[in-house]
Amino acid sequence: MSDTLEQAQQKVAELRNTLNEYNYQYYVLDEPSVPDAVYDRDMQALIALEKQYPTLLSPNSPSQKVGGAALSSFEQVTHDMPMLSLDNAFDEESLLAFEKRLKDRLKDSATMDFSCEPKLDGLAVSILYENGELVRAATRGDGQVGENITANVRTISNVPLTLRGDHYPARVEVRGEVFMPREGFAKLNEQQKETGGKVFANPRNAAAGSLRQLDSKITAKRPLMFYAYSLGVVQPESFTLPSTHSARLAQLGQWGLPLCPDIDTAEGGRGCLDYYNRILEKRDNLPYDIDGVVFKVDRIELQAALGFVARAPRWAIAQKFPAQEEVTTLLDVEFQVGRTGAITPVARLEPVFVGGVTVSNATLHNQDEITRLGVKIGDTVVIRRAGDVIPQVVSVVEANRTGDETDITFPSQCPVCDSQVEKLEDEAVARCTGGLICAAQRKQALKHFASRKAFDIDGLGDKLVDQLVDADLVHSPADFFTLSLGDVVGLERMAEKSASKLLSSLEASKKTTLAKFLYALGIREVGEATAANLAAHFETLEAIRDASLEALVEVQDVGGVVATHIFNFFNESHNTDVIDALLKEGVHWPAIEKPDSENLPLEGKTCVITGTLSEMGRSDAKARLQLLGAKVAGSVSKNTDFLVAGEKAGSKLTKAQELDVEVWDEAALIAFLSEHE
Ligand SMILES: NC(=O)c1ccc[n+]([C@@H]2O[C@H](COP(=O)([O-])OP(=O)(O)OC[C@H]3O[C@@H](n4cnc5c(N)ncnc54)[C@H](O)[C@@H]3O)[C@@H](O)[C@H]2O)c1
Ligand SMILES: [Zn+2]
């Protein structure tokens, strides 16, 4: 390094300023502005400079202090014994160097035992028990003074309010980590999004934000947990405790304190490295976030001989895992159309190494998420990649804004097929409405069209649809009907016999029903039953095409959302072009004769369907019963006129028998239908 002292001084001042600001955001506001990896790099740079230029060292440097401060809104607690931080190791060499330092200092080269513990990513808490009763709990704060959070800690379900057994010190302080398991974190953020509450960047912030609440009723609703990892003050001093840290942890366990199930012991630095690798491998499958592992000299006597430096014990070290969060630049946003038409904004990133791989794309989920993040193109963004989960943009580093960033505009037209994009008010997802022609949705739409309950085209399975699309022979359903024998025979594994069979089943499928035709179009949320109701209600395709939203909600089982899907579908000209092409190819159906509603055989009757109907399927049965005037309900009551019970019918059948409701088996249903349809 060729820094002059003056340059170094300036750099040190800058780093201290930056780190103090990061500390404030992280410890006071519980809202870090940068990922830990960025903080750790700056801290390591500061430590290196202070080592190189010892005259620059100051007790006020962030490298010498335990980060954090007690908020004045809480009552303050002065710790009887300071709550310190931990030194960090970022690679094998620094861990082995740590072991060597210990041996040199102890002037003893014997292999040492270490207590090995996952480094839970939450916040340190001190819990004081007097005569076995929880009397006080506090945060670490600046290490000397913390915040009194007794009422909040009492709400954490696995923190015992009284110790087990009858042999414990009159006064004992337990230290450990309060954290939020991943599952609870994900649920909490879902809820917060729904209710417009604060969405947390990661489980550590969620834990800190939840614990440092002035209203403990809020804390009580948060899925927090506690694991103990050390003892603080113990009185009377004469109370006999085990002579190793690991045995003391076991003792805490006997008093009823929860311990992390993955703690272990190891021999020497090499043993520690084995443990590190073992836990690293498990990391993604653990139910909670950890940012590394902690190694502590196991024998208390040796710990005492080693002592402390300014902000951390000499006898412990945290070996950090590769970062799961990093910063990078958002270069652009592209919009991808999924198989169901859902449009997802994808962030194109300056490639960055995070979570063990180089990431150059991350999901932005949807428009609401873009709005929530307030993210713009050109921003410095925090990316998170944990396990196999798709990388996410978690926040924007606003401090890096230059003013040249540009807004992200969600397309109003599908980027693949140019059809209108539909976004319902209470749905997060925007969708392409060009279901029949959108290349992104093509295979899915065509497979649905050919399927049994739709056009029921014999011999046209999913694989063949893939082949036809890949060979560029079919773009929309109407193209099926223009296929020539030559087209089909040209495909791989297609003999002439099966090709001509396919053409004749295509021909046969042209004769269908209006209900099947509507179902085959693949309109969102229009299943068989809805399609049948639409057909019965409107009778002709023209009437449905021209129907207003108001007219559509008149149909049985059609609510506002489904009506909007139908309305938008028929108002997309790409779709109506395909429909016209299908009709031109000769697709037809018999006219519906309106049954005389006075004389509908099941008018005014309510029925329930349960069990497995092997011949027709429940939704088909439902649609057909509805066409005959029946109301199909979900549960059996005394107002039920009859129950259709297929195989393996359960509680509904029992209930019907109890209430003396008439029961039809599938054969009875089929007989009734064939007589009345
Ligand atoms: N992103 C930011 O802006 C920002 C700001 C400040 C700090 N940080 C992060 O916090 C770290 C520094 O924080 P720190 O001073 O709390 O130190 P630390 O997190 O590196 O280590 C000390 C803490 O580890 C925790 N811990 C978990 N398991 C433990 C165990 N088994 N035994 C003992 N302790 C255990 C305790 O809470 C303890 O206070 C930085 O390395 C950085 O990753 C980030
Ligand atoms: Zn499209």
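In each ligand, atom 1 is the first atom listed, and ligand 1 is the first ligand listed. What you are looking at is a predicted structure, and each value in this text was computed from that prediction instead of being measured.
- Near Val34, the atoms of ligand 1 lying under 4.0 angstrom from a non-hydrogen atom of the residue are 1 (N), 2 (C), 3 (O).
- Summary of contacts: the protein heavy atom closest to atom 18 (P) of ligand 1 is Lys119 NZ, 3.3 Å.
- In this structure, the side chains of His79 and Gln144 stay at 4.5 Å or more apart for every pair of heavy atoms.
- For the ligand labelled ligand 1, residue Met43 lies outside the 4.0 Å heavy-atom shell.
- Not close to ligand 1: Ala318, with no non-hydrogen atom less than 4.0 angstrom away.
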Exercise. List the steps and the verdict of side chain to side chain donor-acceptor pair (under 3.5 Å) for Thr155 and Asn152.
Key: CA-CA 5 Å; Thr155 69; Asn152 295 347; 5.8 Å; no

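- With a heavy-atom cut-off of 4.0 Å, Tyr229 touches ligand 1 through its side chain alone.
- Side-chain atoms of Asp379 never come within 3.5 Å of backbone atoms of Val381 as a donor-acceptor pair (strictly under, hydrogens ignored).
- To the nearest 0.5 Å, atoms OG1 (Thr18) and CZ (Arg16) are separated by 12.0 Å.
- If you number the atoms of ligand 1 from 1 as listed, the ones under 4.0 Å from a heavy atom of Lys296 come out as 30 (C), 31 (N), 32 (N), 33 (C).
- From the protein, the heavy atom lying nearest to atom 14 (P) of ligand 1 is Tyr27 OH, 3.3 Å.
- Of all heavy-atom pairs spanning Glu325 and Asn202, the tightest one is OE2-ND2, 3.6 Å.
- Among the atoms of Ser85, some N or O lies under 3.5 angstrom from an N or O of ligand 1.
- Looking at heavy atoms from C-beta onward, Phe335 lies out of side-chain contact with Leu364 at the 4.5 angstrom threshold.
- Neither the backbone nor the side chain of Ala316 comes within 4.0 Å of ligand 1, counting heavy atoms alone.
- Looking at Asp40 against ligand 1, only its side chain comes within 4.0 Å, counting heavy atoms.
- For Phe185 and Phe200, the ring centers sit 6.0 Å or farther from each other.
- Of the options Tyr227, Phe295, Tyr26, the smallest heavy-atom separation from atom 9 (C) of ligand 1 is shown by Tyr26.
- Residue contact check for ligand 1: Asn23 places a non-hydrogen atom closer than 4.0 Å to it.
- Arg140 NH1, 4.2 Å is the protein heavy atom nearest to atom 23 (C) of ligand 1.
- Within the listing of ligand 1, atoms 30 (C), 31 (N), 32 (N) sit less than 4.0 angstrom from a heavy atom of Glu117.
- One finds an angle of 120° at the Zn ion (ligand 2) between SG on Cys432 and SG on Cys438, to the nearest 10 degrees.
- Where the criterion is an N or O separation shorter than 3.5 Å, residue side chain and backbone included, Leu123 fails it with respect to ligand 1.
- At least one N or O atom of Lys320 sits closer than 3.5 Å to an N or O atom of ligand 1.
- Remark: ligand 1 atoms within the under-4.0 Å shell around heavy atoms of Asn88 are 20 (O), 41 (O).
- Just one of Leu473, Asp466, Val465 meets the side chain to side chain contact (heavy atoms under 4.5 Å, CB included) condition when paired with Val469; it is Val465.
- Counting the atoms of ligand 1 from 1 in the order shown, those under 4.0 Å from a heavy atom of Pro35 are 1 (N).
- Residue contacts with ligand 1 for Asp121 are absent, since no atom lies close enough (heavy atoms, distance under 4.0 Å).
- Contacts between Arg311 and ligand 1 below 4.0 angstrom, taking non-hydrogen atoms only, involve the side chain exclusively.
- Heavy atoms from both the backbone and the side chain of Ala124 come within less than 4.0 Å of ligand 1.
- Less than 4.0 angstrom separates some heavy atom of Leu120 from each of these atoms of ligand 1: 27 (C), 28 (N).
- Residue-level proximity to ligand 1 for Ser230 is absent, since no heavy atom of it falls below 4.0 angstrom.
- Geometrically, Arg204 engages Tyr26 in a cation-pi contact defined by less than 6.0 Å to the ring centre and at most 45° from the axis.
- Between Lys198 and Glu31, at least one side-chain nitrogen of the basic residue sits less than 4.0 Å from a carboxylate oxygen of the acidic one, meeting the salt-bridge criterion.
- Closest to atom 44 (C) of ligand 1, if we only count protein heavy atoms, is Asp36 OD1, 3.2 Å.
- Looking at Ser419 and Thr433, their side chains come closer than 4.5 Å, going by heavy atoms from C-beta outward.
- Ligand 1 has Glu177 within reach: a non-hydrogen atom of the residue lies less than 4.0 Å from it.
- Ring planes of Tyr22 and Tyr39: tilted class, angle from 30 to 60°.
- Ring geometry, Tyr288 versus Tyr227: the interplanar angle exceeds 60°, so the pair is classed perpendicular (tilted spans 30 to 60°).
- Checked against a 3.5 angstrom limit, the closest N/O atoms of Tyr39 and ligand 1 fall outside it.
- Side-chain atoms of Glu99 come within 3.5 Å of backbone N or O of Gly269 as a donor-acceptor pair.
- Listed for the Arg311 side chain is no donor-acceptor partner under 3.5 Å among the backbone atoms of Gln64.
- Side-chain contact between Leu95 and Phe295 is present, with at least one heavy-atom pair separated by less than 4.5 Å.
- Look at Pro118 and you'll find a heavy atom under 4.0 Å from some atom of ligand 1.
- For the salt bridge (charged side-chain N to carboxylate O under 4.0 Å, His left out) with Asp289, the lone residue among Lys119, Arg283, Arg182 that qualifies is Arg182.
- The atoms of ligand 1 that sit less than 4.0 Å from any heavy atom of Tyr22 are 3 (O), 5 (C).
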